[in-house]
Every structure is written in structure tokens, then in C-alpha cells.
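Here the structure is laid out as C-alpha cells; the discussion comes afterwards.
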Protein chains: 2
Amino acid sequence: MITMQDIADKAGVSKGTVSYVLNGKQEKARINQATCARVIAIAESLGYRRNAIAQSMKTGKTNVIGIIGGLHNDYCMAIIKGINNVVSKNNYMIKLLPTDKIEDVKNAARQCVEQRLAGVICRSLSEEELEIIRSELASNNMPIVLVDNSFSHDWCSRVISDDFEGAKQATEYLLELGHRKIGFVTNDLIHGFSKVRYDGYIKMMTDWKIKVQKDDICCIDHGNKISNTQQNAIKDFLTLKKPTAVFCGSDPIAMKVINVAQSLGINIPQDLSVIGFAGLNYTFFSSPTLTTVKQPFVKMGQKVSEILLSEIKEKSPAKEIKLPVELIIRDSTTTIK
Amino acid sequence: MITMQDIADKAGVSKGTVSYVLNGKQEKARINQATCARVIAIAESLGYRRNAIAQSMKTGKTNVIGIIGGLHNDYCMAIIKGINNVVSKNNYMIKLLPTDKIEDVKNAARQCVEQRLAGVICRSLSEEELEIIRSELASNNMPIVLVDNSFSHDWCSRVISDDFEGAKQATEYLLELGHRKIGFVTNDLIHGFSKVRYDGYIKMMTDWKIKVQKDDICCIDHGNKISNTQQNAIKDFLTLKKPTAVFCGSDPIAMKVINVAQSLGINIPQDLSVIGFAGLNYTFFSSPTLTTVKQPFVKMGQKVSEILLSEIKEKSPAKEIKLPVELIIRDSTTTIK
DNA sequence: TTGAAAGCGATACCAT
DNA sequence: ATGGTATCGCTTTCAA
């Protein structure tokens, strides 16, 4: 493999000179034009490729960003895409540190330090997982930012979508369509974003002076793998409560509701309007196409990496960014008949 | 940041000794137990983290695998997950080199070399893109493997799913259900995997002595962004040809067919059976749930990384691996009435 | 305008 | 059983 020394030898200059030229610092070192051109030409002809490792070793920096988080969710690709948009423009690269178990997180944290990453983006981690990262990286003051994490912290910036607003919009849209018996289907009423969406729903219902009873809410136990239980929960909810509309805590849940409803002979949207949350690709070509609250995953990835890059340059106080969501109206909702 | 020298100083030994101990080579260097324990304890108490960059610099190797390819497809996450399963167990890491334009590919190829990656996995690249990678990496004899690439090459291994067999199975299943007017809907009859799936369909139809007319095939122009055109193409196809079943070249296409059919008042599966291809997550909770040919994306990722890791150890002749697919029977297909 | 050389942190060989 | 040291490829300061 060709080194700068090889080029230097062939060009009859020192490797220091080669370094300056190849890093575009001829000005600073005032290397003359001819030498410059010769070095570049030789590097080219030799097929020289900089050894990024040696460079990092010397400078003590890498241009690599770590992304820590699970690979389950359908939307994580979109976030990563957003991250890549920004970091690749700034000549940074992405190292994936996928995590499933808590062990993976510990390992990932250690890897970040060993690899001397420039910074780390944590995606949808639990409090416990995040604490592992923090304690490992803090001592090496490696910047950390959060995206799509449901908890905020004062020691690091976070980018999320404005789910509360989105839930309000979705609920209001149903109300404007004339619906009053509006159910909420979720898999978790207590934690994270599900809770925020629930809160938005409650807020809007309350604003419109609609009483929400306990049985207007259908909480399907997502942890439970026996999906029949979920189906039955939805079935009972639809048949007993007979809502004219349901706002769902996520797109997959909305799809399930539609599925169960149709099997019950309930027509969507004539008999039942359904709204999802996330705006995943497939909601566009499901049957019927799904009205949903679209989260700006790509933008979230972009924004969070912009923040990270700026923190790599210089430490700054933690920011909290809520990106707006958008209600996408499609065929799963209509006015009450 | 703590270095081996720091540990050595504190332990009153040389950094060479520390290196041996921390790399578990005490045996080889015959370091005595006490020294060993002391060094480890000090490293621990100082919170030492190996500098992987320096290590790579010295050894000339990295334990990083590059993944080159677009981030569009819904299934690429699954492939990456499979890759990670295997490489993380072997203490390798993943660097993502997402590519959109041809420029990205050139850049990615260069990055692979500059970063001295241990090897590269190319995902669903075009011939042109792959050639760029090859020409850049060949001179540095960096191993390359292909996954989900529609072209095979004698200079590198490739892992794909057995789409021909899958298409045959899907078609045969429809035939066994009693269907004879079986259409094929695709977005490309000429290239890549779409062509293979088409071939499988034709093969099975021919085996069963069913004549396939030109108008049994509906090719929706995927390149065309005006999705109305696609919808209309499907609509015309369904109304004019009146198939009792359609086998689709992909899951999204199948979803669209179902959508158009339902808007035409055609009931799925009573009036029309539909089969997709890929087995994406959402086909499980669409309405109706979709019968589809499931490709083993995770396994493909695992297999391809196993091959890559073995090639990193020692160069071996190119292999071609076709992983079996599985027909998943769900609610979008039924016997002909 | 350029060369020489120190040094980044770890590895591994050669002495002792 | 351990210390000393050359080395990996590059960056950057200091001299010339």
C-alpha cells in the first residue's frame, strides 16, 4: 500500500510536504505551485489512498458518528437516512451499534470510547440503557444526542416529533367530521410517546367538552405475544363500545383495528373512521389508505445530527427540539353518517 | 485519556508488559500471575479504554465491515440486522455507507480503502455501481461480497433468495386452488429479480399447460412517479382481463392491487386471490392479511457476513448461495368459487 | 519554500 | 518474567 513516504521519494520531497499538499494546506505552508502539482500527479498515478487510521491516530479525532439503538422499528431506517444526509455532507461517517439486550448497550458504549468516535446519537433507548451510555461516555466527554427518545434530560439535547400536537390534530379532525364517540386504541397508557398521544387525545376531547369514559380507551397489551388476545381486545372494544371513530397510538395498531373491523363486517370508513400515528410508507397503499399523523423521521435524523455536529465543534447547552407532525388525510376517515 | 503507558507507570512495569496482559497474551509472554492481576486491576481502576485506532494503526487491520447500498427498501433493515447478528459475535463492527447517486458510490469506495475496512458487503447495487467498487477495492485486495444483488460475478460471492422457486410455488399454489386465469403484475419484466419471478410464474404455468397470453401480464411502470398511471394500469387490467388470481412481483404491488380491486368492488379473496413477494412485516396486518412469498432477509444478511468473515481470514473461491423462500398463506387467497 | 524530526498509542521482537 | 525499542503512517513544529 502506497504511503506518503512513497510519494515523497518519487517526488524528491519530504513526506511533510506531501502531507501539506494532499491536505490542501499548500497556502499555509507556502509550497510552490510546481511541487504541488507534481506531488498531486504522483499521488494520483500511484493510486495513493490516505490512511485514515494513521490520520486519526495523529490528530486524535475520528470523523465517525455512532448510532446506538435497536433495529426493530420500521421507521428507524428513515431516521438513519436523515442522519446520513447531514453527516455525509460534512465528511463524517456512520458506525451502527445495533442493540437488543442490555449487554449490547454496554458493549456499544465501550466500543464508542475505544473507537474514539466523534459523537453518538442514541435512538429510542430506555432510561437504563441511556444511563449506561452516559456514564461511559461522560468521562471521555464525548457528545451524546437523543432522537426519538421519550425521556428528556438536562445534560443532552433531544429531537422528537410533536406528538401531543399531532394527537390533538387527529382528534380534532375526527371531531370536525362530526364524530363524538371517538375511541383511543393503544398498547401502553403509561409510558413514553403512547402516553403523550393519549394526553393529546384527552386534551382535545376535553376542549370540545366530550366526556371520555374509561371504556373509550382500548389498551391492547403489546407485550403479550398471543396476538389473538389483541385481536379479541379490539373486537370486544368495537362491538361493545361501538365507536364511530378510533384514533390509534400507532400505524400498526390502526392496521389491526381495520383488519378486525372488516372481519366484523364493519366498513371503513363508512361505519368507522380510523386514524394511525407515524405515517409509515405502507399506510399509503394499505386498503383503505390510512389517515395518519406523519412524523418527520428523516428531518428528525437531520436535525439531531446537525446538533451533534455543532456539539462536536463546541460544547453547547442542551436543546430540546420538537418537530411538527402533519395530519395526512386519506381514505380511512370520513364524516359521520 | 489513559494510555498503556499510564498503567505501566503506575504498575511499575513497561508498556510492553501491559500490552501483553491486556490482550490476554500473558501465557505467550510468560508474565507472572501477580503482575498480571496488578496490571488488570490498575487498568480497571483507571478506567482504561484501549485506543482501537492505535491498535489498528499498528496491526494494519480494522475490525470494521462496510455495508454499501441504498436505504430505500423496507427490507434492508432486516438484512443489516442479519449482518449484525454475525459480525458482532465476531467482534466486528458495521460502518454504513449509504448510497443514492453514483457519486455516493464512488465516495463510498474510496472511503472503504481510506478507512482500511476489513471487508465490504454490497447490497442491491447496479452493475455499474458494483464495478466502481470492484475497481477501487481490487487493487487493495479487500474482500467484497454481494447480497440481494441481481447479477452474479465470478470474482465474488453472492447471497440471494431463491426467487425462481418462490415464484413457482406461489403460482402453483394458485393453480392448486383451482385458478386458471392467473395474472402477473410487476413493475419490470426485463431486469433483475422481477424477471426471475416472472420466469418462475411462466415456468409453472407452462408446466401446468396453461397458456399465458401477453395480456395476462400487467407491467406497471414503476419509474413513472404519477401513481395514477399505475392505478389505472391495474384497474384496466382487472376490469378487462378479469383474472381470478394475480401473483405480484412484490408486496407493495400486491397491496396496490388489493387497493384498486376493492375500490372496484372486487372482494379479496372471494373474487380475486392475490399473492405478494417479499414477506414484509406489514403484510401480516394489512386487510386482508397478505399471502406472500417470504424472503429470508435476516438469514441472507447472516450468510453473507459469514462468507465475508471467512474471506477476510483467507481468500476463497466465489460462492453462490440461494436461500430458500417460504410461501406464507394468509387471507388474500382462496379457492376459486 | 522545504526538510527533519518528534510524537500519537499500541505491538512485538530482542535482550536481559 | 520483563524492559527497551523500533515501527506503523501521518501531522505539525521548528530550522534552515
Side-chain angles (χ1 to χ4, degrees), chain A residues 1-40 42-43 46-63 91 110-111 113-118 140, chain B residues 1-40 42-43 46-64 91 111 113-118 140:
Chain A
M1 183 128 292
I2 313 297
T3 70
M4 284 191 177
Q5 187 63 63
D6 297 327
I7 299 174
D9 292 346
K10 201 156 185 185
V13 298
S14 81
K15 60 179 177 161
T17 306
V18 175
S19 173
Y20 282 125
V21 173
L22 261 28
N23 285 305
K25 295 188 181 167
Q26 325 90 349
E27 309 292 288
K28 202 186 149 211
R30 295 184 296 182
I31 313 286
N32 85 30
Q33 288 289 331
T35 315
C36 226
R38 191 153 37 94
V39 166
I40 290 172
I42 292 175
L46 254 33
Y48 171 76
R49 290 292 176 267
R50 128 188 304 112
N51 184 334
I53 299 165
Q55 188 175 36
S56 291
M57 153 95 134
K58 178 63 192 172
T59 59
K61 293 165 195 285
T62 60
N63 58 342
N91 279 310
R110 175 176 276 264
Q111 287 293 338
V113 180
E114 293 194 353
Q115 309 274 340
R116 305 294 192 264
L117 301 189
N140 304 286
Chain B
M1 183 128 294
I2 313 296
T3 71
M4 284 191 176
Q5 187 64 62
D6 297 328
I7 299 174
D9 292 346
K10 200 156 186 184
V13 298
S14 82
K15 59 177 180 165
T17 306
V18 175
S19 173
Y20 283 124
V21 172
L22 262 27
N23 285 304
K25 295 187 181 167
Q26 325 90 348
E27 310 290 289
K28 202 184 149 213
R30 294 184 296 182
I31 313 286
N32 87 28
Q33 289 289 332
T35 315
C36 225
R38 192 154 36 96
V39 166
I40 289 172
I42 292 175
L46 255 35
Y48 170 76
R49 291 292 177 265
R50 125 185 310 111
N51 184 332
I53 299 163
Q55 188 175 37
S56 291
M57 153 94 134
K58 178 63 192 172
T59 60
K61 293 164 196 287
T62 61
N63 58 343
V64 182
N91 279 310
Q111 286 293 340
V113 180
E114 293 193 351
Q115 309 275 339
R116 304 295 191 263
L117 301 189
N140 305 285

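Throughout, a chain's letter reflects where its sequence line sits, starting with A, and its residues are numbered from 1.
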What's the [atom1]-[atom2] distance between [X] and [N], to the nearest Å?
X	N	atom1	atom2	answer
A:R30	C:dG3	CZ	P	15 Å
A:R38	C:dT2	CZ	P	8 Å
A:Q33	C:dT2	CD	P	11 Å
B:I31	D:dG4	CD1	P	13 Å
A:Q5	C:dG3	CD	C1'	11 Å
A:Q115	C:dA10	CD	C1'	14 Å
A:I7	C:dT2	CD1	C1'	17 Å
B:E27	D:dA1	CD	P	11 Å

For a quick test of your reading: what N or O donor-acceptor pairs under 3.5 Å do the side chains of residues 49-56 of chain B make, sequence neighbours left out?
from	atom 1	to	atom 2	distance (Å)
B:R49	NE	A:E136	OE2	2.5
B:R49	NH2	A:E136	OE1	3.1
B:R49	NH2	A:E136	OE2	3.3
B:R50	NE	B:Q55	OE1	3.2
B:R50	NH2	B:N23	OD1	2.6
B:N51	OD1	B:I53	N	2.9
B:N51	OD1	B:A54	N	3.1
B:S56	OG	B:A52	O	3.0
B:S56	OG	B:K61	O	3.1

Residue [X], side-chain heavy atoms: nucleotide from [options] that is nearest:
X	options	answer
A:Y48	D:dC10, D:dT11, C:dT2	D:dC10
A:K25	C:dT2, D:dT12, C:dG3	D:dT12
A:T17	C:dG3, D:dA1, D:dT11	C:dG3
B:T3	C:dG9, D:dG3, D:dT2	C:dG9
A:M57	C:dA12, C:dC8, C:dT11	C:dC8
B:N32	C:dT1, D:dA1, D:dG9	D:dA1

Is there side-chain contact between [X] and [Y], with at least one heavy-atom pair below 4.5 Å?
X	Y	answer
B:V18	B:I42	no
B:M1	B:Y48	no
A:N63	B:Q115	yes
B:K10	B:L46	yes
B:V13	B:T35	yes

To the nearest 0.5 Å, how far apart are SG in A:C36 and CD in A:E27?
->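 So the SG of A:C36 and the CD of A:E27 are separated by 8.0 Å.
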The dot-bracket string of DNA chain D, counting Watson-Crick and G-U wobble pairs with both distances under 3.5 Å, using [ ] for crossing pairs and | for pairs to another strand, is ||||||||||||||||
Counting distance only, does the side-chain N/O of B:D9 pair as donor-acceptor with the main-chain N or O of B:D6 below 3.5 Å?
->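 No: the side chain of B:D9 does not pair with the backbone of B:D6.
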Which part of the nucleic acid does A:G16 contact within heavy-atom distance under 4.0 Å: base, sugar-phosphate only, or nothing?
->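 Result for A:G16 = base.
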Toward the 5' end of DNA chain C, by each residue's nearest nucleotide, A:K15 or A:T35 |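 It is A:T35 whose nearest nucleotide is closer to the 5' end.
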Contact nearer the 5' end of DNA chain D, comparing B:K58 with B:Y20 =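 With B:K58 and B:Y20 compared, the 5'-side residue is B:Y20.
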Is any side-chain nitrogen or oxygen of A:S14 closer than 4.0 Å to OP1 or OP2 of C:dA4?
->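 So the side-chain polar atoms of A:S14 never come under 4.0 Å of the phosphate oxygens OP1 or OP2 of C:dA4.
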According to a strict under-4.0 Å criterion, is B:N23 in side-chain N/O contact with OP1 or OP2 of C:dA10?
->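 Answer no for this pair, as no side-chain N or O of B:N23 is under 4.0 Å from OP1 or OP2.
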